Amino acid sequence: RVYSYLAGDAPVTARRIPSIAAYFGTKGRYEEVNPHLIDNILAVNKLLLKPPSADCTAVHLTAIVRHGTRFPTKKNVKKMMELHKLIKAEASSPERWLEDIKNKWAMWYTEDMDGQIVDKGRDDHKHLAVRLANYFPSLLSEENLRNNRVKFITSSKHRCVESVIAFQQGLFTHHGIKDVDFSHEVKDDLMRFFDHCRRFVEDVENNRTALMEVDLFKSSAEMKRVQEKIADRLDVPYSRITTDSVEAAFFLCAYEFAIKSENSPWCELIDETDALVLEYKNDLKQYWKRGYGHDINRKSSCTLFHDIFRRLSEAVNELRTGHVTEVATVQVGHAETLLPLLTLMGFFKDETPLTSSNFPEQERRTFRTSHTVPYAANLVFVLYKCPEGPRLQLLLNEKPLALPNISDPVPLYDIVQEHYRDLLQGCNFQTECELKASTCSKCSEL
Ligand SMILES: O=P(O)(O)O[C@H]1[C@H](OP(=O)(O)O)[C@@H](OP(=O)(O)O)[C@H](O)[C@@H](O)[C@H]1OP(=O)(O)O
């Protein structure tokens, strides 16, 4: 049953898409950053991704991919259950959508779902695999798959392992391959580097003050207004609607849409003004926990950065012999794998840091996870062999991504190496992640 709370004459697809779907941040569908996929999930825009020139050929790609659509984590299921219980017991309003929440919509989320992948998430990866195989037929080819020249690496988390298997299924189905075994390598030091960086764990993950700006924004006038508006819509006292209640309503709309493609009655609790505030709160969390907020966030991704460029340089060196052994590497991780890496490479950096007090000025911020890291987000490094030398193109979510301060959309690999020289020669994970005696509370135990 598809809920539709828009005007009956709206186009069918529009009726199914909540008006706030563009603001779900890291809980947004991949289709919202690539709307042409809504009507044709396998659509590819070859013009968009033609080689830099007719005499260039793609010889290697490395893809860093976030897992597909997943269930809410345990902590958010608890918040969602709390809100649903409150509404059933205390909310009263003549609105039909509230009647639907109270009498038709049943709580089906359980704590043990805890972030596991859903079927839509498997499809996200199957379809992405087919589109990438269509973009790069000479790399993700049947012959290369059969000759083990395509490598698969994943985080150990269920949602990532299931995603990489679905990605492989997409490729094998695309090529009609039935007699090849799937294989992938679990490498958490690469895909969950943040767990292995002691300074990140100490200074950010386990440090209550690290996300102070998020906490301050939760007490801001903007957030208070959202809480009051929701309380008014439910006709309950302001004191009953907390910031957790607001987040739960937003996430219920986001998950019902991402998992079941439903414009559920939960979406009626939040209007676009509210959604912009909640999108900013989530971006503040990602900025201070995974982005520019703390230096160690981006430095913890040094291992992954070096691994990517080691692989690219290996392919460049092999070009001299004419034969690249590893033509593609697909690496599946998390939003917190992609965001620190994008930050380390200088992408999506705003002049003014995101803080709890400058939400109005940040309306057009470039650090916006709704546009960069939805489910199945992917950062692809494509190496081309050209007469003038190897060139590198970056794609984010199947769209060209210009390197910061480099005008050439597909620069010479030498130029890219020069641009990142300091990181390539430095950015030592051990050095960056070791605990400084002054900040380490349990150094003696290490
Ligand atoms: O708010 P939740 O619990 O969903 O946060 C998750 C992260 O989800 P995200 O904030 O990125 O939407 C989850 O990242 P994912 O890419 O794996 O979905 C992360 O793995 C999980 O630990 C939660 O992050 P947190 O920083 O521990 O809140």
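One-based numbering, in listed order, for ligands and for the atoms of each. Predicted, not measured: the structure shown is a model, and the values here were computed from it.
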Name of the residue among Val277, Thr243, Thr355 meeting side chain to side chain contact (heavy atoms under 4.5 Å, CB included) with Phe217:
Val277

For [X], I'd like to know if atom [atom1] has over 12 heavy atoms of other residues, nucleotides or ligands within 6.0 Å.
| X | atom1 | value |
| --- | --- | --- |
| Lys85 | NZ | no |
| Lys224 | NZ | no |
| Lys157 | NZ | no |
| Lys88 | NZ | yes |

Among all protein non-hydrogen atoms, which one is nearest to [atom], and what is the separation to 0.1 Å?
| atom | answer |
| --- | --- |
| atom 9 (P) of ligand 1 | Thr26 OG1, 3.3 Å |
| atom 24 (O) of ligand 1 | Lys285 NZ, 3.6 Å |
| atom 15 (P) of ligand 1 | His67 NE2, 3.2 Å |

Within 45° of the six-membered ring axis of Phe194 and under 6.0 Å from that ring's centre, is NZ or CZ of Arg290 located there?
yes

Going by distance only, is there an N or O of [X] that falls short of 3.5 Å from an N or O of ligand 1?
| X | value |
| --- | --- |
| Glu336 | yes |
| Ala335 | yes |
| Asn76 | yes |

Please state which option from Lys75, Arg70, Arg66 has its nearest heavy atom closest to atom 4 (O) of ligand 1.
Arg70

Distance under 4.0 Å to a non-hydrogen atom of [X]: what atoms of ligand 1 satisfy this?
| X | result |
| --- | --- |
| Thr73 | 2 (P), 3 (O), 4 (O) |
| Arg159 | 17 (O), 19 (C), 20 (O) |
| Lys27 | 1 (O), 2 (P), 4 (O), 8 (O), 9 (P), 10 (O), 12 (O) |
| Arg290 | 26 (O) |
| His334 | 16 (O), 17 (O), 20 (O) |
| Lys289 | 25 (P), 26 (O), 27 (O) |
| Gln286 | 9 (P), 10 (O), 11 (O) |

Using a 4.5 Å cut-off on heavy atoms from C-beta on, say whether the side chain of Phe347 contacts that of Leu403.
yes

Answer with side chain, backbone, both or neither: which part of Asn282 has a heavy atom less than 4.0 angstrom from an atom of ligand 1?
neither

Record the part of Lys74 in heavy-atom contact with ligand 1 below 4.0 Å; permitted values are side chain, backbone, both and neither.
neither

Determine, stepwise, if the pair Phe305 / Leu424 fulfils side-chain contact (heavy atoms from CB on, under 4.5 Å).
CA-CA 8 Å; Phe305 176 81; Leu424 288 168; 3.6 Å; yes

Identify the two heavy atoms, one from Arg159 and one from Gln116, that lie closest to each other, and give their separation to 0.1 Å.
CB-C, 4.4 Å

Can you check side chain to side chain donor-acceptor pair (under 3.5 Å) on Tyr23 and Asn282, steps first, answer last?
CA-CA 10 Å; Tyr23 311 113; Asn282 291 331; over 6 Å; no

